[in-house]
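Encoded as C-alpha cells, the structure appears first; notes follow it.
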2 protein chains.
Amino acid sequence: MQTLTRKEREKQERESKILQLASAMLKESGYLGLSMDRIAAEMEYSKGTIYQHFPNKEEIILSLANEALKKRLDMFETASAWNATSRQRMAAIGAAAAEFVRIHPMYFAVDQLVRSASIWEKTSDQRRQFMQNCEASCMRIVGGIVNDAITDGDLRLANNMTAEVLVFGLWSMNFGAYSIITSSDSLEQVGLPEPEIALWHNQNLLLDGYGWTPLSSDFDYFHTFEQAKQELFGGRTPNEP
Amino acid sequence: MQTLTRKEREKQERESKILQLASAMLKESGYLGLSMDRIAAEMEYSKGTIYQHFPNKEEIILSLANEALKKRLDMFETASAWNATSRQRMAAIGAAAAEFVRIHPMYFAVDQLVRSASIWEKTSDQRRQFMQNCEASCMRIVGGIVNDAITDGDLRLANNMTAEVLVFGLWSMNFGAYSIITSSDSLEQVGLPEPEIALWHNQNLLLDGYGWTPLSSDFDYFHTFEQAKQELFGGRTPNEP
DNA sequence: CTCAATTATTGACTATTCGTCATTTAATGA
DNA sequence: TCATTAAATGACGAATAGTCAATAATTGAG
C-alpha cells in the first residue's frame, strides 16, 4: 500500500520528467533554448498541463538549481561529519565541492542565470527561501568546521576577523573558479591546463595564510582529498544512477 | 579639422547613445527587460536603424562588456606601472578592481550573462576576440607583477606552481566575490556586513599563504590600497564624468 | 540648380515565445 | 447511469527578435 495515490505518483513522475527535459534543453542550448512549447511538445502534453506544474519558466530553472543545491547540502553534511582533523574535514568539503561540480556541471551556469537574469523576481517565495536556506546551511556547515578548528587550537583568527570572512573567502574562490572553469574552454591558451588543481592549491594556500594547522606544507591534504572522495562520495554518490 | 566626417560622428554618437540606453535598461530590468523595440522607441529611431548598428541584441551586450573591460585594462596597466614594491603593486591592482566595480556595478552581471546564456555563440568573432584579449592582457599584467616579485626575491613559488596558478587564485576569488556581492542583498543576514573588506582580507591572506613578502602581518597594505585608490584612480577616473 | 544614383530610414511582416482561460474531455462515485 | 468534479487542451493576446521591400533623404555630376 502506497502513501501516494496513483494520481499523485503520476503527477510527481511527470514533474521530474519535465525537470529532466528542461535540464537537457538548458544544457543543449542555454536559457534562450529552454522553451515551454518545446517541453510541452516533447512531453506530448499540452502547454496548459505543463503550466499546472510550474507557473512559469523561471520556476523550472530555480527548481533545477534547488535540486542540485539539496544534493550539495547533503554532500557537505557528509563531509563535515567525517571523523578527521578540522583541516582534513575542510579538504573533504573541497572534495564534496569538486564531486558536486562533476555531477552537476550545469549548476554554475544555472546559478549565474538565476542571479543575473531577472529570474529571481518571477519565482515563488517558497523556492527562493529554499535556495537561500541551502546556501546559508552550506555556509553554516563550513563555518562549523572553522569554529571546531578554533576550539581545537588549530586556528586562531585575528581580532578583526570572523569565521564568516574565512568562509566567504573559500566560497568566493570556489564559486569564481568553477564559474570560470565551467564556462570557458580557453584556459589552456592562457597557461592553465589544470584549473581544478590550481583551485585546490589556492584553497590550501589561503588556509595556510590563515595559519590553519597543520599547514599544507606539513601535511599531504591531497591524499586526504582523494581519500574523502573515495570514502565519502566514491563509487556512486547518493541519488545518482 | 576632424578626421571623421559629420556622418561618421553622428553614427558614433548614436552608437554610444544606444549603448547608454541599453545599459540603463539592463540595469533597470535585466536581460529580459532589454528590448530592441524599446531601445528604438526611446532613441526615436526605427528598429531597422538600430539593427544597422548592431546585428543583434547579443552584440549590444558584448559591446557593453567590452567597453567596461577596456577601462579595466587601462586601470590595471596604471596600477602595474606604479612605482612601488611588488606586493604594493598587487594591492594597487586590488584597488583598481574595487574601483572598477564601483564604476561598473553592472559588469559582473553582464559578464555572467555572456558566459551563461547562449550569448557567446551569436556574437561576432571580432568582439569575442576583443573580450578574450582584454582578459588575457589583464592576466598577463598581474602575471608580470608576480614575476617581478620572483625576480626581486619577494616570492618563491614551489616546484609544482606557476605564476598562472597564483593569478588564477586572485582572479577566481575576485570574480566570485564580486559576482556574489553584486547579485545578492542578503549577505548581512549571513554574517557578512562588509563583504568587500572580507575580500580584501582574503586576498591578502592568500598572498601570505604564497609567502609573498612583506607579509600582510608585517606591512599595512590597507594604507597602500587607499593610497593607490587616491593617487591612481582618485577624484575622477579616466573616461568617467 | 536638377535629377539620377546612392544611401539611410522606416515600419509592416514573419516567426517565436510566454502565459491565460474558456472549452472540451476524462474520471469519479452516488 | 449520469451529474459533478477534475484534468487537459490549444486557440488566443501580448511581446519580442529580426527581415526586407518600400520610402525618404542625401549626394554630387552635369
Report the distance from atom [atom1] of [X] to atom [atom2] of [N], rounded to the nearest whole Å.
| X | N | atom1 | atom2 | value |
| --- | --- | --- | --- | --- |
| B:K11 | D:dT26 | NZ | P | 16 Å |
| B:M36 | D:dT16 | CE | P | 13 Å |
| A:M43 | D:dT9 | CE | C1' | 15 Å |
| A:E10 | D:dA6 | CD | C1' | 13 Å |

For this session: Under the salt bridge (Lys or Arg N to Asp or Glu O under 4.0 Å) rule, collect the residues that match up with A:E59, sequence neighbours excluded.
Result: A:R127

Problem set entry | Partner set under salt bridge (Lys or Arg N to Asp or Glu O under 4.0 Å) for B:E164, not counting sequence neighbours | none

Exercise. Just checking, any donor-acceptor pair under 3.5 angstrom between side chains of B:S179 and B:Q112?
Worked result: yes

For this session: Answer yes or no: are there more than 12 heavy-atom neighbours, outside B:Q126 itself, under 6.0 Å from its atom CD?
Result: no

Problem set entry | Within 6.0 angstrom of A:E121 CD, more than 12 heavy atoms from elsewhere | yes

Exercise. Checking A:R72 side chain against A:A97 main chain: does a donor-acceptor pair fall under 3.5 Å?
Worked result: no

Exercise. Any donor-acceptor pair under 3.5 Å linking the side chain of B:S80 with the backbone of B:E77?
Worked result: no

Seminar exercise, completed: Reading nucleotides 10-15 of chain D from 5' to 3' and marking B where a protein heavy atom lies under 4.0 Å of the base, S where only the sugar-phosphate is that close, and - otherwise, the string is B-----

For this session: Taking the six-membered ring of A:Y107 (Phe, Tyr or Trp), confirm whether the NZ or CZ of A:K71 is under 6.0 Å from its centre and within 45° of its axis.
Result: no

Exercise. Any idea how A:W171 and A:F168 line up, ring-wise: parallel (<30°), tilted (30 to 60°), or perpendicular (>60°)?
Worked result: perpendicular

For this session: Under 4.0 Å between any heavy atoms, over every strand shown, what does B:I50 touch: base, sugar-phosphate, or nothing? Just pick one.
Result: nothing

Exercise. Base, sugar-phosphate, or nothing for A:E58, non-hydrogen atoms under 4.0 angstrom?
Worked result: sugar-phosphate

For this session: Applying ring pair (Phe, Tyr, Trp, His ring centres under 6.0 Å), name anything that partners A:F225, two or more places apart in sequence or on another chain.
Result: A:W200, A:F222

Sort me out a list of protein N/O and nucleotides 21-24 of chain D N/O pairs below 3.5 Å, or just none if empty.
none

For this session: Please find out if less than 6.0 Å separates the ring center of B:F100 from that of B:F233.
Result: no

Exercise. On DNA chain C, nearest-nucleotide positions of A:R38 versus A:P55: which is more 5'?
Worked result: A:R38

Exercise. Going 5' to 3' on DNA chain C, which nucleotide is the first and which the last to come under 4.0 Å of a heavy atom in chain A?
Worked result: C:dC18 to C:dT28

